[in-house]
Number of protein chains: 2
Amino acid sequence: MSAGPAATKVLVVDDEPQILRALRINLAARGYHVLTAQDGTAALRAAVDGRPDVVVLDLGLPDLDGTEVIAGLRGWSTVPIIVLSARTDSVDKVQALDAGADDYVTKPFGMDELLARLRAAVRRATTTAGDGEEAVVETDSFTVDLVTKKVRKDGVEVHLTPTEWGVLEVLVRNRGRLVAQKQLLQDVWGPAYATESHYLRVYLAQLRRKLEREPAHPKHLLTEPGMGYRFEA
Amino acid sequence: MSAGPAATKVLVVDDEPQILRALRINLAARGYHVLTAQDGTAALRAAVDGRPDVVVLDLGLPDLDGTEVIAGLRGWSTVPIIVLSARTDSVDKVQALDAGADDYVTKPFGMDELLARLRAAVRRATTTAGDGEEAVVETDSFTVDLVTKKVRKDGVEVHLTPTEWGVLEVLVRNRGRLVAQKQLLQDVWGPAYATESHYLRVYLAQLRRKLEREPAHPKHLLTEPGMGYRFEA
DNA sequence: CGTCGGCGTAAAGACCGCGTCAAGGCATCA
DNA sequence: TGATGCCTTGACGCGGTCTTTACGCCGACG
């Protein structure tokens, strides 16, 4: 930002104290600023409060499932997530990666390898930066809060169904950009629905009816015929 | 119009034919568009020509060292690179990752794990796409934004149909270079339309009418008679 | 000088995609 | 069991887009 290069902030989540300790020492010795958490809820809280640049997440936490933690983070953040796990089963890896993790390292792991993967993740995140990420997006007729998943129109809260929210969220996360129908369908309904473009017509109509001032002449939820949809603030 | 150009392009680099074949079959079966190369120099050339969305790179190529290939790519591209290697030594992993690779998978690997890591890499690249400035191409009369898919002429937005945009996008991505009619037709309409060169005349005329100052004397969307078309900034 | 192939322009009809309304399943919950 | 909310599916009109045809122009070539 402005005042000089701050240290990279790493959030380490693990329920085993000795691993937590080993990671903290190693990371601190290399100049990282280290946050720690011992369970999933604490991890999510620490992520909100501390805004880490990268998360090292052990699976098998006592309170939450690993994919839940990933989903909780991905709901509002694109911070790189490196998963640690003792489980070598490829099913676990696929689940974690598809839930939104960036990398998956199996225990026992070499510290230098983890550090290299961490450097790679941070490098990627900063070089591709452009993080115009704001958690709450406003237009002249409604506002969308990506963290609390709430939508207000003229100040009063509007209830959206899960699918309506899913569509809106993808569009708002890509604000300004054209989102292809296929991508929208795959992100909201899953890979098998890539051609069900009729769903989009129905749900875009509903969203416009709930959010736009003139649903027949939308100013924010725009159609690009034959290509996809676009959200404009 | 056929299904063609929306698929993710993967460049697979490996000197072992059977691995190359296995990857190509698996990736193609999942809808990826696959390019292949068997050595480092071919890989770099293929990356320039084909503009893949992700690269799967085997180390231990006959001609170039793995890190050289990575460096050759990183010199001009931020495309995600997933390294394959038979070597489990952590020193190799650290070298490759620090050279600019995004992920490192040791052989033998599970195909579903590789595919998951590939999905993760592509997802990251598309969601964090902060290339912003680089993706805007300007001329003295109009600008093309390849990320948001918007075109402006003298500041005001111009609406393009999907086919118009398809043609323009191919030309702009190959700016300065001659694009053969056949290539243009195949990229936009699909392989079956390679000889329908009349379409190009119609759509180039429309694009010029929408974008050029003097559509009869184009300065940016140029015809190379008998060969193809070229976009010049 | 005439012909021919490639290119640019214009226009018209067929076709497809979009928006809209509404009805039918299918869960959940009282 | 009935009520409610949500997702899915169908039908239909309309407007925009693609395709196709027709024609004039120009340079190459015989």
Side-chain angles (χ1 to χ4, degrees), chain A residues 149 151 157-169 171 178-182 184-190 192-231, chain B residues 1-6 149 151 157-169 171 178-182 184-185 187-190 192-230:
Chain A
K149 298 187 192 290
V151 182
E157 191 170 333
V158 177
H159 173 71
L160 297 185
T161 71
T163 307
E164 285 166 2
W165 170 257
V167 173
L168 182 63
E169 181 176 16
L171 289 174
L178 172 61
V179 183
Q181 307 188 5
K182 190 173 157 191
L184 207 38
L185 286 163
Q186 287 183 346
D187 284 4
V188 178
W189 278 269
Y193 292 76
T195 63
E196 302 285 342
S197 56
H198 187 55
Y199 291 4
L200 294 180
R201 290 196 277 279
V202 174
Y203 277 94
L204 264 294
Q206 283 180 4
L207 283 172
R208 290 202 259 245
R209 202 177 320 131
K210 288 186 176 182
L211 300 177
E212 291 275 3
R213 290 216 187 286
E214 297 179 84
H217 303 287
K219 294 175 64 174
H220 307 103
L221 298 167
L222 308 175
T223 301
E224 300 281 355
M227 305 212 274
Y229 293 86
R230 184 201 305 275
F231 171 80
Chain B
M1 210 166 333
S2 73
K149 302 201 172 173
V151 180
E157 196 168 330
V158 177
H159 173 73
L160 297 186
T161 72
T163 308
E164 285 165 3
W165 171 259
V167 173
L168 182 63
E169 182 175 18
L171 290 175
L178 171 65
V179 182
Q181 302 190 1
K182 189 174 158 192
L184 207 39
L185 286 162
D187 283 4
V188 178
W189 277 270
Y193 292 74
T195 63
E196 301 284 342
S197 56
H198 184 58
Y199 290 3
L200 294 180
R201 290 196 275 280
V202 174
Y203 278 94
L204 263 294
Q206 281 182 5
L207 282 173
R208 291 202 259 244
R209 198 177 327 130
K210 287 187 175 181
L211 301 178
E212 292 274 4
R213 289 213 189 287
E214 298 179 84
H217 304 289
K219 294 174 62 177
H220 307 104
L221 298 167
L222 308 175
T223 301
E224 303 280 355
M227 316 262 298
Y229 294 87
R230 187 157 52 90

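In the text below, chain A, chain B and the rest are named by the order of the sequence lines, each starting its count at 1.
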Does a side-chain N or O of [X] approach OP1 or OP2 of [N] to a distance below 4.0 Å, or not?
| X | N | result |
| --- | --- | --- |
| A:Thr163 | D:dC7 | yes |
| A:Tyr203 | D:dC6 | no |
| A:Arg201 | C:dG17 | no |
| B:His159 | D:dT17 | yes |
| A:Tyr199 | D:dT9 | yes |
| B:Thr161 | D:dC18 | yes |
| A:Trp189 | D:dC7 | no |

**Prompt:** What's the shortest heavy-atom distance between A:Met227 and A:Leu178, and which atoms?
**Reply:**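 Closest pair (atom of A:Met227, atom of A:Leu178, distance): CB-CD2, 3.9 Å.
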
**Request:** Identify the heavy atoms of A:Leu222 and A:Lys219 that sit nearest to each other, and give their distance.
**Result:**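 Looking at all heavy atoms of both residues, the shortest contact is CD2-C, 3.7 Å.
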
**Request:** Check whether any side-chain heavy atom of B:Glu196 sits under 4.5 Å from a side-chain heavy atom of B:Trp189, and report yes or no.
**Result:**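 Side-chain contact under 4.5 Å: no.
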
**Prompt:** Taking the side chain as C-beta and beyond, is there a heavy-atom pair between B:Leu185 and B:Leu200 under 4.5 Å?
**Reply:**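 The answer is yes; the side chains approach within 4.5 Å.
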
**Message:** Under 4.0 Å, heavy atoms only, any strand: does B:Gln181 hit a base, just the sugar-phosphate, or nothing?
**Reply:**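 Counting heavy atoms under 4.0 Å across all strands, the contact made by B:Gln181 is with sugar-phosphate only.
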
**Prompt:** Within the structure shown, what part of the strands sits under 4.0 Å from B:Thr223 by heavy-atom distance: base, sugar-phosphate, or nothing?
**Reply:**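 B:Thr223: backbone/sugar contact only, no base atoms under 4.0 Å.
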
**Item:** Selection from C:dT20, D:dC6, C:dA10 that lies nearest to any side-chain heavy atom of A:Pro162
**Value:**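 From the listed options, D:dC6 comes nearest.
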
Nearest-angstrom distance from the residue atom [atom1] of [X] to [atom2] of [N]:
| X | N | atom1 | atom2 | answer |
| --- | --- | --- | --- | --- |
| B:Arg209 | C:dC7 | CZ | C1' | 15 Å |
| A:Glu164 | D:dC6 | CD | P | 7 Å |
| B:Lys210 | C:dT9 | NZ | C1' | 16 Å |

